[in-house]
Amino acid sequence: MSDAVDTSGAAADGFEPRITAFVCNWCTYTGADLAGTSRLHMASNVRIIRLPCTGRIDPLFIVKSFERGADGVIVSGCHPADCHYTSGNYHARRRFAVFHDLMEFVGVDPRRMTFSWVSASEGAKWRDVVDEAVANVRALGPFEAYRALAPEDAGVAAPAGARVEAEAS
Amino acid sequence: MSRIGVFICHCGENIGRTVDCEAVTEALKDHPGVAFTEDYKYMCSDPGQQLVKKAIEDNDLTGVVVAACSPHMHEKTFRRACDQAGLNKYMCEMANIREHCSWIHEDRGEATEKAVDITRTIVEKVKHNQPLESIHIPVTKRALVIGGGIAGIQAALDIADGGHEVVLVEKEASIGGHMSQLSETFPTLDCSQCILTPRMVEAYQHPNIKLHTWSEVEKVDGYIGNFTVKIRKKARSVNEDLCNGCGDCQEACPAKRIPSEFEAGLGNRTAIYVPFPQAVPNIPVLDRQNCTLFKGRRKGLAKDACGKCKEACLKDAIDYDAEDTFIEEEIGAIVVATGFQLYSIGREQPEGLKGYGEYGYGEVPDVIDGLQFERLASASGPTAGAILRPSDGKEPKTVVFVHCVGSRDSEKGISYCSKICCMYNAKHAMLYKHKVHDGRAVAFYMDIRAAGKGYDEFSRRAIEEDGAEYIRGRVSRIFRDGDVVKVWGYDTLSQEQVVIDADMVVLATAMRPQDGVRELAQKLSVSTDEHGFINEAHPKLRPVETNTAGVFVAGACQAPRDIPDAVAMASATGAKVLSLFSADELEREPAVAIVNENTCIGCMNCAKVCAYGAIEQREICTVDGHVCGHVAYVNPGVCQGCGTCQAVCLSKSVELQTFTDEQIFSEINALCYWE
Amino acid sequence: MTDATRETYFISDDDLRALAGDLLSAGTEVIAPVAVDVCASPSAIASSACLRPGVAPVDIEYRALADAAELDLSRGLPVLSLKQYFLPGHEALCCWRQHGTEVEIEAVPTTFAPRVVLAAKSCDSAALAIVDKVMNWDYQDELWNGRREATTIVNLACPVVDESCFCTAVGTAPDDVKGADALLTPVEGGYLMEATTDKGRVLMEAHGARFKAETDTHGAKHRGRQAAEERAAARARVAANLEIDAESVREWIDAHFEDPLLAALGVRCNGCGACSSVCPTCHCFDIVDEEEGIGKGTRRRCWDTCQAPTFTLHASGHNPRDDQHSRYRQRINHKFAIYPLKFGEVLCTGCGRCTRACHAGQDLVEILQAIDIAARRPDAAAAAVAGAEPAGS
Amino acid sequence: MSEVREVARKLLTDGTVRVIVGWEDARRGARPVFVTDPADTERLIFDTRCVHNLVTYLNPRRDNVAELGKIGLVVKGCDAKAVAGLLREAQLTRDDVVLIGVRCGGVLEEAELPKAASLSPENVAPRCYGCDNREPELVDHLLGESQPEPPRPVMTIDERVAALDAQPLEERWAFWTEQFSKCVRCYACRQVCPLCVCERCVAEKSRPQWIEAPPHPRGNLSWNITRALHLAGRCVDCGECERFCPVGIPLSLVNRKLQHIVAERYGYTVSDDPESPAPIGDYRLDDKQEFIK
Amino acid sequence: MSAPSRTLATDILEATGINPATCYQCGKCSAGCPMASESDLRPHNVMRLVVQDRREAALSEQSIWLCLTCETCSARCPNACDPARVIDAVREMSIEAEVADMPRNVAAFHRAFLEQIRTNGRLHEMGMVMEYKLRSGDLMKDVINAPGMLSRGKLSFRAERIEGVAEIKRIFEKCGVTP
Amino acid sequence: MTDVAYYPGCSLHGTSREFDESLRAVAAELGIGLTEIADWSCCGASSGHTTDHLLGVALPARNLALAEAQGFDTVLAPCAACYNRLSAARLAIATEDGLAEQMPDILGHPFANSVDVHNAVELLRDASVTIEEKVAATLAPNPLEGVKLAAYYGCLLVRPFEVCGYDDPEQPTSMDEVIDACGADDVDWDMKVECCGGAFSVSRTASVLRLGRAIIDNARSHGAEAIIVACPLCHSNLDLRQKAMAQRGEEPMPILFVTQMVGLALGLAPVDLGLGRHFVDTEPLIARLVQQAAKRVAAEKLAKEEAAAKAAARAEKQKVGVAAGTSGAEGGEAQ
């Protein structure tokens with residue numbers, strides 16, 4: 001895998017990253033709403049999945065996203081001390097810290113995973129988080145290394161390996 | 001198989017301008033499981049809603065996706081519409097293609113593509129939605145108020161006046177709290193006792209208030225609307241039903257030199273005592289620690305060493321063998337109003353705090369705290385209102401008032417401002433000057449914080465009219481030098497050191513939460529801040545609620561508060577409780593966690609992360625009733641639906657309804673392959 | 001096929017490698033033992049064995065040769081059996097795609113290009129022949145049969161690996177050709193090779209230049225004798241490891257379902273299923289559908305193990321084999337009673353991999369010995385029980 | 001070891017326990033044994049081949065072991081940490097088991113070896129290096145002589161982790177994907193783990209399918225990440241997962257990395273004190289969050 | 001992004017780990033300062049100058065040399081500002097910037113003292129007094145009761161010199177200090 | 001008891017030789033072994049850290065490194081200034097980023113920062129039980145019995161708390177405990193921790209005079225007969241500068257090192273304690289104290305004899321009573 005940043009090459013390909021964002025309902029989702037009401041323009045590569053709280057997010061959601069073909073993910077919730085549910089974000093912070101470090105150890109570029117605290121009033125910060133994540137992942141290029149792990153026969157009944165068309169034998 | 005209806009809203013031009021709504025409609029037509037698609041100018045309008053309802057009926061839809069604005073805006077609207085059309089309202093979700101799409105993108109192609117993705121994702125989610133019913137919880141319409149200070153009294157009265165029973169628990173022998181100790185109150189200088197006593201009596205006599213003094217909350221079980229509270233009635237040694245408050249026992253008691261708590265140590269009391277003359281109830285309590293009889297019993301004397309009070313009591317109300325008793329109350333809501341205590345500058349401090357060595361650790365008798373000054377100034381106090389210094393009873397001619405002792409001193413462990421000291425210091429200076437006309441009142445302050453109606457005017461009056469000398473600067477050292485108390489200060493405005501030979505020094509010591517608040521908070525599953533004050537649910541919008549539903553907070557146990565603040569908070573909790581009691585049942589969203597008992601192994605990691613104490617351990621039994629293990633159980637009345645338990649469950653044995661793993665996985669699956 | 005039809009040829013060491021090379025250059029896949037340097041970069045850090053000075057650990061694995069030089073003829077036991085080349089760890093059965101309410105199924109091809117397995121173990125080839133039966137019982141497994149038909153297997157007579165080998169006890173042998181098309185026996189300077197099926201003969205004929213017919217010369221006689229001695233010695237060695245009467249064992253198991261010897265075997269077993277992963281005859285699989293995006297995906301089968309609780313878990317939550325004792329008994333029962341009763345053959349080729357793979361100490365050799373004693377010498381059984389089940393129970 | 005036999009015999013004879021779980025000498029080396037008859041206690045051994053973490057048999061889901069009756073379990077110091085783990089997660093009541101602790105100065109890398117005279121850098125289980133539990137504390141009986149520190153292996157696990165950490169991201173990715181690709185999803189790692197006590201493993205959950213079941217590299221990566229994360233702050237470093245792995249995936253490196261993470265971030269080390277809270281499920285207001293924007 | 005411009009406060013923060021902004025000018029430090037009556041700037045004034053980024057005023061102020069480093073201010077500071085340490089740091093910067101307005105005799109004392117250490121490894125009090133007198137120009141002042149000292153055996157004419165003088169010189173060099 | 005590394009510092013080799021002498025004498029008496037750190041160097045005093053923070057750390061660190069290399073885990077630094085510098089360096093190296101790594105290079109020695117630093121008061125406080133026992137066992141009358149002494153700590157012994165920490169920074173008691181152990185009375189006074197102006201003893205004598213006078217006056221007004229110090233700077237400031245005060249007609253106040261005080265209580269000869277080296281003559285005080293002690297002992301002896309005589313007389317009387325058969329034997333015991 002070559003996960004080094006190569007801005008020029010990647011951009012020239014017209015590669016547009018796919019980024020999944022897991023956000024909490026109370027702070028970041030509302031902050032993203034605010035970005036909308038404030039008409040703050042941002043990159044269109046991010047797709048939001050709304051959850052009640054960052055405490056609800058299992059790190060496996062992120063693994064699952066990569067597995068399904070995401071090039072990057074964003075996890076965002078309430079700032080420390082602001083959690084709607086008091087402490088969900090603190091638990092999430094620990095879980096993601098461990099996950100973040102483990103993924104780095106396994107060889108995933110941490111720039112593919114953006115963690116942020118965005119409050120309901122930080123529409124502009126949400127825009128910045130989105131644009132920065134998109135720029136980072138765009139520079140890193142598609143997450144081919146992960147997609148290469150998919151079984152060759154995934155989703156398509158194409159001949160694989162030693163298999164040949166019926167008429168050939 | 002799912003039959004989903006997808007409704008795309010143009011929101012006038014708001015969505016339509018950047019998103020090609022027809023294209024989105026077209027794209028969703030072919031989507032697996034979609035049975036109906038339609039776009040419309042204003043989906044939230046009445047005709048728009050009619051369109052949804054009709055489509056549900058005509059097409060036998062099993063789910064509805066409205067692609068429009070944020071669910072925060074109209075989710076309720078469309079769910080209601082579905083409900084009216086006979087579709088379970090939780091089968092309806094919104095795809096946010098306005099705030100999260102049309103308003104933040106310019107390129108029509110990109111925006112349209114993204115709108116399709118967003119809508120598809122929600123369609124995939126709705127495929128896995130389950131019809132849910134709201135949760136109904138019965139409500140016991142009785143309130144518990146913990147703490148009988150002004151906040152507790154006010155809350156109890158408001159609830160009781162609203163027609164509901166209140167159980168008021170006070171750990172001291174009388175209600176009244178700190179306010180009963182005060183002389184006059186700022187900013188009006190009206191007599192504290194005069195305004196408080198009627199309230200105390202009203203609370204005592206109110207038919208809806210059940211008062212337990214000399215009592216503490218032992219245990220709290222249950223949840224909003226359904227608490228069971230165990231109250232410890234500490235052995236008073238005086239039968240409350242028999243006692244007529246005549247005071248003969250006090251007269252008879254030989255132990256007369258016990259420092260009085262009410263007088264802040266400036267006066268004495270007997271071992272059997274009524275804390276103060278206006279106490280409510282006017283029933284004495286026997287202080288076993290200092291009682292001659294009990295001292296003797298502790299030493300193991302065969303014969304009781306005293307018994308004078310019992311002899312003196314004509315009603316035979318004294319019972320030396322009384323023991324603590326327990327009562328259980330069924331409660332629907334709880335108000336915590338345990339108040340405050342003052343920081344002491346002494347050498348011995350609770351963990352996290354330090355004392356003032358530079359002020360002699362409080363060993364100089366003429367250095368007193370604000371509450372002691374209140375007693376000195378009080379007409380009912382030990383000096384009958386004359387300002388006399390403790391060491392020799394002389395009238396002090398120079399009194400130094402020191403602000404911010406403990407407060408705003410992070411080195412001593414208290415970083416916060418105690419809020420009321422600036423005001424009561426001004427009051428003290430005034431009261432002193434009113435009583436000792438030739439006296440000199442010097443106040444060392446850092447900032448004057450007198451924000452409040454009439455507050456700044458009040459503190460200015462102390463300086464301008466009553467001639468208090470205000471010096472801006474903190475005091476470095478206080479020590480006794482012969483007959484005087486030396487105060488080393490600095491005047492940061494005139495830039496010089498100031499040394500004052502004072503006759504008496506009054507320290508405005510910080511307000512701290514009462515001892516035992518952390519333990520109480522634990523019993524109630526509410527959290528406390530680093531200093532031990534009880535945390536409100538939201539600092540701005542839910543200031544009198546806690547993070548445990550049904551538990552409210554009033555007064556200085558939440559943060560330093562003055563009387564008007566405490567009373568306002570108390571009335572606010574009263575309103576909260578009354579609104580909770582206004583219906584027989586509580587209706588809650590079914591977004592709660594459910595445990596799969598078949599796979600749960602009872603490791604209780606979920607309970608450890610639950611901020612609401614909603615998860616308990618439950619035994620599970622085989623068909624023949626034999627206990628074979630334990631599992632977690634989520635109390636739907638307490639669960640707030642954050643889902644942290646679900647994420648922490650290793651075997652995925654908890655599911656948060658409305659945000660199940662299957663729903664989220666479907667969304668992820670739909671999102672990433674969006675070509 | 002009779003011995004008379006078996007003609008023996010000599011092939012030199014070099015020619016055998018050259019044969020592999022010929023096949024490869026003709027585009028034929030050649031599967032053969034390869035010595036894999038466990039510590040090859042970048043994985044050197046993986047095994048602590050790699051970090052010891054002076055030790056170069058290798059694993060022998062059946063691999064598709066990239067180059068004839070890779071062919072390893074040391075006759076060590078490959079970690080995994082040949083099974084994976086006929087029943088891969090996972091494979092697609094079909095794909096689906098949903099348009100609106102229509103579901104479209106795409107089948108996978110079931111015919112395969114010819115390929116050759118060189119230097120297979122007899123226990124591995126025999127397993128294929130045994131499993132053939134279940135794969136062609138009430139349902140013809142086209143993927144299995146397709147691969148079987150496309151593959152020519154050449155065995156290499158085995159010198160016996162260690163004390164956990166017991167092929168002769170279950171009706172096969174180190175030099176057996178069951179399931180194979182030809183057999184190589186090492187002799188001085190090369191190998192004697194005899195074809196045992198037409199596929200084997202076709203292979204040898206296609207590469208005739210590499211072979212030398214063994215005529216009645218002195219050298220040939222010597223080699224013949226040498227080969228026979230080597231083969232006999234190997235048989236004797238493995239027979240010393242375990243000798244049982246498979247028939248008695250079958251009958252005993254069938255009749256003693258609740259016997260403590262059978263019903264209390266699982267206590268130290270962790271149920272990890274490593275034994276069935278490495279077993280050449282275990283062939284159970286699970287079928288799963290994997291969705292890739294909306295409305296499309298692949299139906300896939302993958303290895304399963306009877307040692308996992310979920311193997312028999314019903315949708316209702318009921319599990320007929322809900323403890324490890326019954327799961328382990330099932331394994332023994334299936335291999336040594338159920339399968340032989342249905343198909344006339346023991347579902348085990350005595351390769352010993354299960355025993356070697358088990359770090360909890362479950363020992364099939366010991367268990368079979370105990371059952372055999374119980375079956376043939378019940379009086380001695382009590383003594384043997386101790387080793388195979390909880391002590392004292 | 002006579003002391004173990006003696007204590008075991010006494011516990012069985014006086015009815016304190018119904019079964020002793022310890023080690024015996026078998027055809028292929030040391031292995032777990034379950035002794036119910038006092039006479040059979042002679043079979044018990046303890047030497048450097050007693051590698052197994054027998055705490056795995058305390059898993060409440062192990063019906064076959066549970067039905068034997070109250071257990072007396074022989075534990076090394078490191079094994080006792082697993083007992084603490086089960087206690088911490090309410091999977092065991094302390095009174096349900098009698099722990100016979102043996103002082104241990106390290107074990108061999110494999111149990112299936114002839115009885116070795118002494119441990120050396122070449123044969124010692126790498127995890128034994130730096131052992132902080134040679135004297136188990138949680139036990140009811142503590143037997144044996146005080147032991148010296150185990151030898152330092154040729155290369156320690158920490159050094160190997162550091163070597164990986166020093167590699168560029170893409171090389172680590174290549175390394176791990178290659179290692180995980182070998183996985184055949186037998187779940188031996190899970191089955192032998194004393195802390196993997198779930199009734200239904202997340203890997204077996206199908207609605208939704210958390211982990212892709214077939215052993216292709218993508219599903220394998222998900223499984224291995226999940227396994228590691230589920231053991232974060234719980235793994236007791238007994239190394240059984242790696243020892244049982246039939247394809248030799250170096251799981252101890254992942255486990256050790258996670259130990260480093262929780263130690264560096266939260267100052268947490270797994271101990272045999274069941275009262276210490278686990279780092280996941282706990283939090284501090286000032287937890288490091290340098291990776292969060 | 002451009003780096004934030006250097007201020008005196010950031011320099012202090014870097015050198016001491018103390019954020020001068022934590023000083024809320026309560027004056028408690030100055031209330032207890034034994035030298036407050038003799039110096040124009042008191043501890044809280046120094047803190048103020050630092051916060052105001054009045055570098056020149058702070059560094060060239062003579063008062064900073066009148067601090068006894070008795071730590072009373074720091075011990076009683078309610079907000080952990082540690083004025084004594086800040087003053088120390090300001091003095092260091094002052095010397096570095098070569099704007100130090102040490103009272104001549106204070107400067108002379110420090111220089112004499114350090115020179116003694118650098119050359120002997122230990123303080124030779126007699127030598128120091130001589131050197132101090134030369135440097136301060138205060139030749140006549142009875143800075144130390146030398147005859148009394150000598151008679152009481154408290155002063156000696158012979159300097160003690162340690163063996164590791166080279167090490168001491170190395171330390172001065174490594175720290176970049178030349179008395 | 002194992003030896004501790006002894007770091008005398010320049011003053012104890014010079015202007016405060018009596019501190020060194022009395023410390024050695026007392027330590028020997030208390031069985032505490034002192035081994036002077038070989039080739040120790042100056043800690044830099046306030047000149048070091050005032051000039052350069054790093055220098056202020058490195059100079060003391062050299063001595064800690066020497067002690068470490070010479071196999072000690074504790075250094076005794078009796079001089080309060082040295083104690084403060086050594087402790088501060090130890091703390092800085094332990095807590096400030098990068099310092100620990102820099103040290104070996106600067107010092108030219110390996111350095112693990114493993115040595116604890118103690119001062120003389122701490123040492124004596126920890127030995128106070130021994131002192132009390134030894135004083136009681138001393139044959140000569142204790143001249144300090146009941147004498148009012150003011151314990152003066154100054155700054156460097158107790159501040160900053162993070163560095164010192166062995167005693168309360170505002171209301172320290174350690175030296176008072178030692179005073180009590182010697183049988184004297186510790187005076188409760190107000191200037192225990194006020195600064196004497198130590199750093200300016202040479203350069204700003206006027207300041208020192210002002211500060212010193214306040215301290216002496218306060219001690220005197222609380223009845224102190226002498227001030228006890230544990231810092232050469234404090235000592236010379238208070239002792240030496242009284243000459244100037246005396247010129248204004250003020251009574252001299254003897255200033256004693258804490259070790260000298262302990263020595264006196266233990267019955268050591270004033271000359272061995274260097275008491276002759278002070279500017280404020282200690283002779284009159286000591287003479288008076290010795291005299292008082294002798295008187296007191298004589299009075300006590302007399303009182304004891306009288307009591308014994310009375311008891312004997314009573315016993316005699318009783319015996320007579322018993323003999324006369326008027327009273328039971330029990331009665332005599334009970335009285």
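A note on names: the letters A, B, ... follow the listed sequences, proteins ahead of strands, and every chain is numbered from 1. Worth knowing before you read on, the calculation uses all heavy atoms, side chains too, and leaves out hydrogens, waters and symmetry mates.
At most 12 heavy atoms of other shown residues, nucleotides or ligands fall within 6.0 angstrom of atom CD in B:Q522.
Proximity to chain A involves both the backbone and the side chain of B:D661, based on heavy atoms less than 4.5 angstrom apart. Contacts of A:L51 with chain B are made by both backbone and side-chain atoms, with heavy-atom separations under 4.5 Å. Proximity to chain B (any heavy atom under 4.5 Å) is shown, for A:T54, by neither the backbone nor the side chain. For A:A92, no part lies near chain B; criterion is any non-hydrogen pair under 4.5 Å. If you measure heavy-atom distances from B:K125 to chain A, you find no contacts under 4.5 Å at all. There is no contact between A:D82 and chain B, counting heavy-atom distances below 4.5 Å.
The NE2 atom of A:H41 sits 11.0 Å away from atom CG of B:D107, with the distance rounded to the nearest 0.5 Å. In this structure, CD1 in A:I49 is found 5.0 Å from CD1 in B:I668, a value given to the nearest 0.5 Å. Atom CG of B:L671 sits about 14.5 Å away from atom NZ of A:K64, to the nearest 0.5 Å. In this structure, CG in B:D117 is found 13.0 Å from CD1 in A:I48, a value given to the nearest 0.5 Å. Of the inter-residue distances, the one linking B:K114 atom NZ with A:R47 atom CZ reads 6.0 Å to the nearest 0.5 angstrom. Interatomic distance, A:R39 CZ to B:E99 CD, rounded to the nearest 0.5 Å: 8.5 Å.
Between chain B and the residues A:G88, A:S87, A:A32, the largest count of heavy-atom pairs under 4.5 Å involves A:A32. Put simply, of A:L60, A:D58, A:I57, A:D71, the one with the most heavy-atom pairs under 4.5 Å next to chain B is A:D58. For chain A, the option among B:R542, B:M73, B:K652, B:Q663 with the highest count of heavy-atom pairs below 4.5 Å is B:K652.
Proximity of A:F61 to B:I664: side-chain heavy atoms (C-beta onward) are separated by under 4.5 Å at one or more points. With a 4.5 Å cut-off on side-chain heavy atoms, B:L656 and A:R56 count as touching.
For B:E536, the side chain to side chain donor-acceptor pair (under 3.5 Å) partners two or more places apart in sequence, or in a different chain, are B:Q558.
Classification of the A:W26-B:H72 ring pair by plane angle, with boundaries at 30° and 60°, yields parallel.
For A:S44 against B:H105, the heavy-atom pair with the smallest separation is CA-CE1, 3.2 Å. Residue B:N669 comes nearest to A:R68 through the heavy atom pair OD1-CD, 3.2 Å, listed as atom of the first residue, atom of the second, then distance. Between B:G641 and A:Y85 the shortest heavy-atom distance is O-OH, 3.7 Å. Between B:C642 and A:C53 the shortest heavy-atom distance is O-CB, 3.5 Å.
Using a 4.5 Å cut-off between non-hydrogen atoms, no part of residues 113-131 of chain A approaches chain B.
Looking at A:R50 and B:E75, a side-chain N of the basic residue comes within less than 4.0 Å of a carboxylate O on the acidic one, giving a salt bridge. Ion pairing of B:R98 with A:D33 is absent here, as no side-chain N (NZ or NE/NH1/NH2) approaches a carboxylate O to less than 4.0 Å.
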